[in-house]
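This report refers to the structure that appears directly beneath it.
On a predicted model such as this, the values are computed, not experimentally measured, just so you know. Order of the sequence lines sets the chain letters (A, B, ...), proteins ahead of strands, with each chain counted from 1.
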Amino acid sequence: MEEDTGALPRKDNFSEWYNEVLWRAEIMDVRYPVKGLYVWYPHGFGIRKRAYGILRDLMDRDHDETMFPLLIPKTEFMKEAEHIKGFEDEVYWVTHGGTSELDVPLALRPTSETAIYPMYSLWIRSHTDLPLKLYQIVNTFRYETKHTRPLIRLREITSFKEAHTVHATWEEAAAQVEVALGLYKEFYDSLRVPVILSRRPGWDKFPGADYTIAVDTIMPDGKTLQIGTVHMLGDHFSRTYDITYEDANGERQYAYQTCYGISERSIAAVISVHGDDKGLVLPPEVAPVEVVIVPIIVGKRRDEVLTAASALKEDLQNAGFAVRLDDRDMRPGAKYYHWEMRGVPLRVEIGPRDIDANTVVAVTRSGKKIQLDRRGVVEGIFSILAEFGEELSVAARQAMADRITVAATLEETADAVKAGVAVVHWCGSQECAEKIEAAVDASILGSDIRSDLIAVSDGPCVACGGKGTSTLVARTY
RNA sequence: GGGGCAGUAGGGUAGCCUGGUCCAUCCUAGAGCGUUUGGGACGCUUUGACGGCAGUUCGAAUCUGCCCUGCCCCA
């Protein structure tokens, strides 16, 4: 698992940088012998564990966690026509049990609506059962035909957090969409990943939904990555799966639903947004190791230094930090590179000089060096890490701002999408969308943009000159 | 979906065109011993590879076919 020494490809060569950092920083091993399936290294999984811990805490405020089966009978899966059409090309089917063919083939869930909603139909009887808000964190399978890419385009999504809510009215469901967007915004704030929300055009919404609001971020190469979606399902699924309740007047009503999801693309975003030429840079909130202690061992004071380092480790651990003491027999410099590659936010060095002066040396992943008094070390590290996290937020936000361009013509749009996201006026017609997409070699992400970095306005459509509204155009992953 | 290129130890490579001198080169990583340690240490010893299957041939890392996997371009 040990990385080679030597430099990483520079981050401005993003595609190579990404592949290389995944394995050198021990996030994913791509050598699993099935296309589109990858293996989490423990360090990568540690990031996932902390990030999903944050997500779980957010969801637990107002949802209950659950777990539905992986296999969905074909008979249930095929009920919702629009939904099937969206997924039929990418479903894995289990057709045999041992050597005998199954009467009813079983789908490996590409998403769980058709597993969950038949049960919702049984569970929901009365308006007092509503609202129902459940979520699960599971793996899903999609037979991707395009390029697979670790954490980004997978045949097994290992970390799909999907929530499914049921409400008495359309308005309540629509309000839940807003709640979900708020949770996702808060989640990405914690990861210090800036996002833009927009309403996907009709042809790009979730199959079977009334509308879809997506959460996107901008990657270092200017392409956008969709890292969350929230779907207003209306009553499409409740009519198909017969999810009804008796209202206060004793009348049977169809329920209204939403669903929303986040996957390990969130981890891809953290890696890509914050990383640099030396490797990962992790926000303290998700770093499996927040503080690494590197003892500076000099021959005759070896035991003394190691004792002091152990005592420091204990103090930091008791204060609640995820801390690691690196007492391997290596040069200190080699250890610095090692932990920088893995994104550890803070390194603390302790050597003979520190012991004599009763200090330690703290160095942030951004290279800021601070001498701390040994007695005030816990408070010192708290404030250094807090400030470091804040710096990441500010830098990421600035990087995003730099990649957003307002464009008034197709030429300007074509130019803008080479470096990032273009904001243009679009009339909403599919005809103009196709014209724009063909002319600038990028996709319409959506309208009803929500981002404090983008001022929304009305204006003439870049394609037809008709009445248009601000719309995002970008190259996408 | 169409086309192109590639696959040699854990990682990166040489060899392939022109089959034999390859029980496969070099760097790095791993194991052991010793000396070291404030930004990628050094010495000695040592483990480890031709993607898979079939074919051509006296002989295949090298040539042919299929499969698997990866990367790039086009739709």
* To do: Could you tell me which residues satisfy salt bridge (Lys or Arg N to Asp or Glu O under 4.0 Å) with A/Glu285, sequence neighbours excluded, listed by chain and number?
  =>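 With sequence neighbours excluded, A/Glu285 shows a salt bridge (Lys or Arg N to Asp or Glu O under 4.0 Å) to A/Arg192, given in chain and number order.
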
* Those residues that, when tested against A/Asp12, pass salt bridge (Lys or Arg N to Asp or Glu O under 4.0 Å) (two or more places apart) ->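 Only A/Arg10 meet the salt bridge (Lys or Arg N to Asp or Glu O under 4.0 Å) criterion with A/Asp12.
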
* Those residues that, when tested against A/Trp17, pass side-chain hydrogen bond (donor to acceptor under 3.5 Å, both in side chains) (two or more places apart) ->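 Once residues adjacent in sequence are excluded, A/Trp17 has no partner under the side-chain hydrogen bond (donor to acceptor under 3.5 Å, both in side chains) criterion.
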
How many Å lie between [atom1] on [X] and [atom2] on [N], as a whole number?
{"X": "A/Asp327", "N": "B/U36", "atom1": "CG", "atom2": "P", "value": "19 Å"}
{"X": "A/Arg24", "N": "B/G12", "atom1": "CZ", "atom2": "P", "value": "11 Å"}
{"X": "A/Asp326", "N": "B/U37", "atom1": "CG", "atom2": "P", "value": "17 Å"}
{"X": "A/Lys278", "N": "B/G40", "atom1": "NZ", "atom2": "P", "value": "12 Å"}
{"X": "A/Arg328", "N": "B/A29", "atom1": "CZ", "atom2": "C1'", "value": "13 Å"}
{"X": "A/Met330", "N": "B/A31", "atom1": "CE", "atom2": "P", "value": "11 Å"}
{"X": "A/Asp329", "N": "B/A41", "atom1": "CG", "atom2": "P", "value": "11 Å"}
{"X": "A/Glu26", "N": "B/A29", "atom1": "CD", "atom2": "P", "value": "15 Å"}

* Asked: If we require ring centres under 5.5 Å and near-parallel planes under 30°, does A/Tyr336 stack on B/G39?
  ->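 Per 5.5 Å and 30° rule: no stacking.
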
* Taking the six-membered ring of A/Phe388 as reference, does the NZ or CZ atom of A/Arg365 fall below 6.0 Å from its centre and within a 45° cone about the axis? ->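 Relative to the ring axis of A/Phe388, which defines the angle, A/Arg365 lies outside at least one limit.
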
* **Row check, A/Tyr143 ring normal vs A/Arg155 NZ/CZ: under 6.0 Å, within 45°** =>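 The answer is yes; both the distance and angle limits are met.
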
* Under the side-chain contact (heavy atoms from CB on, under 4.5 Å) test, residues paired with A/Ser159 that sit two or more places apart ->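 Listed in chain order: A/Trp40, A/Arg48, A/Tyr52, A/Glu264.
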
* To do: Give the B/S/- string for nucleotides 70-75 of chain B, one per nucleotide from 5' to 3', where a protein heavy atom under 4.0 Å of the base yields B, of only the sugar-phosphate yields S, and otherwise -.
  => SSB---

* To do: Look at all strands and tell whether A/Glu340 reaches a base, only sugar-phosphate, or nothing, counting heavy atoms closer than 4.0 Å.
  =>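 Here A/Glu340 touches the bases of the nucleic acid.
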
With rounding to whole Å, what would you report as the distance between [N] and [M] at their [atom1] atoms?
{"N": "B/G34", "M": "B/G39", "atom1": "C1'", "answer": "25 Å"}
{"N": "B/A60", "M": "B/A14", "atom1": "P", "answer": "24 Å"}
{"N": "B/U57", "M": "B/G19", "atom1": "C1'", "answer": "9 Å"}
{"N": "B/U18", "M": "B/C63", "atom1": "C1'", "answer": "11 Å"}
{"N": "B/G3", "M": "B/G20", "atom1": "P", "answer": "33 Å"}
{"N": "B/G10", "M": "B/C73", "atom1": "P", "answer": "30 Å"}
{"N": "B/U8", "M": "B/U28", "atom1": "C1'", "answer": "16 Å"}
{"N": "B/A49", "M": "B/C66", "atom1": "P", "answer": "30 Å"}

Going by ring-ring contact (aromatic ring centres under 6.0 Å, His included), name the residues that satisfy it together with [X], two or more places apart in sequence or in a different chain.
{"X": "A/Tyr188", "answer": "none"}
{"X": "A/Phe187", "answer": "none"}
{"X": "A/Phe68", "answer": "A/Trp123"}
{"X": "A/His83", "answer": "A/Phe87, A/Phe206, A/Phe237"}

* From B/G11, B/G40, B/G1, pick the nucleotide closest to the side chain of A/Thr145? ->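 The answer is B/G1.
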
* Sub-4.0 Å heavy-atom contacts from residues 296-303 of chain A onto RNA chain B, ordered by number ->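 When residues 296-303 of chain A is checked for heavy atoms under 4.0 Å from RNA chain B, the hits, listed by number, are A/Ile296, A/Ile297, A/Gly299, A/Arg302.
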
* Please work out which residues in residues 352-366 of chain A have a non-hydrogen atom less than 4.0 Å from an atom of RNA chain B and list them by number. =>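 Residues of residues 352-366 of chain A under 4.0 Å from RNA chain B: A/Pro352, A/Arg353, A/Asp354, A/Val361.
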
* To do: Between A/Arg31 and A/Pro332, name the one whose nearest nucleotide on RNA chain B is closer to the 5' end.
  =>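 Between the two, 5'-proximity favours A/Arg31.
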
* Asked: Are A/Cys259 and A/Glu162 side-chain neighbours, meaning at least one heavy-atom pair lies under 4.5 Å?
  ->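 Heavy-atom side-chain distance check fails, nothing below 4.5 Å.
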
Closest heavy-atom contact between [X] and [Y]?
{"X": "A/Ala309", "Y": "A/Ile293", "answer": "O-CD1, 4.0 Å"}
{"X": "A/Lys335", "Y": "A/Asp327", "answer": "NZ-C, 4.0 Å"}
{"X": "A/Val289", "Y": "A/Pro345", "answer": "O-CD, 3.3 Å"}

* Short side-chain N/O contact from A/Arg331 to OP1 or OP2 of B/U37, under 4.0 Å ->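 Checking A/Arg331 against B/U37: no side-chain N or O falls below 4.0 Å of OP1 or OP2.
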
* All stems with RNA chain B, defined as three or more consecutive Watson-Crick or G-U pairs under 3.5 Å ->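 So the stems come out as B:1-7 with B:68-74, B:10-12 with B:26-28, B:30-35 with B:41-46, B:51-55 with B:63-67.
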
* Output yes when A/Arg328 and A/Asp326 qualify as a salt bridge under the 4.0 Å nitrogen-oxygen rule, no when they do not. =>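 Here A/Arg328 pairs with A/Asp326 in a salt bridge, since their nearest N and O are under 4.0 Å apart.
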
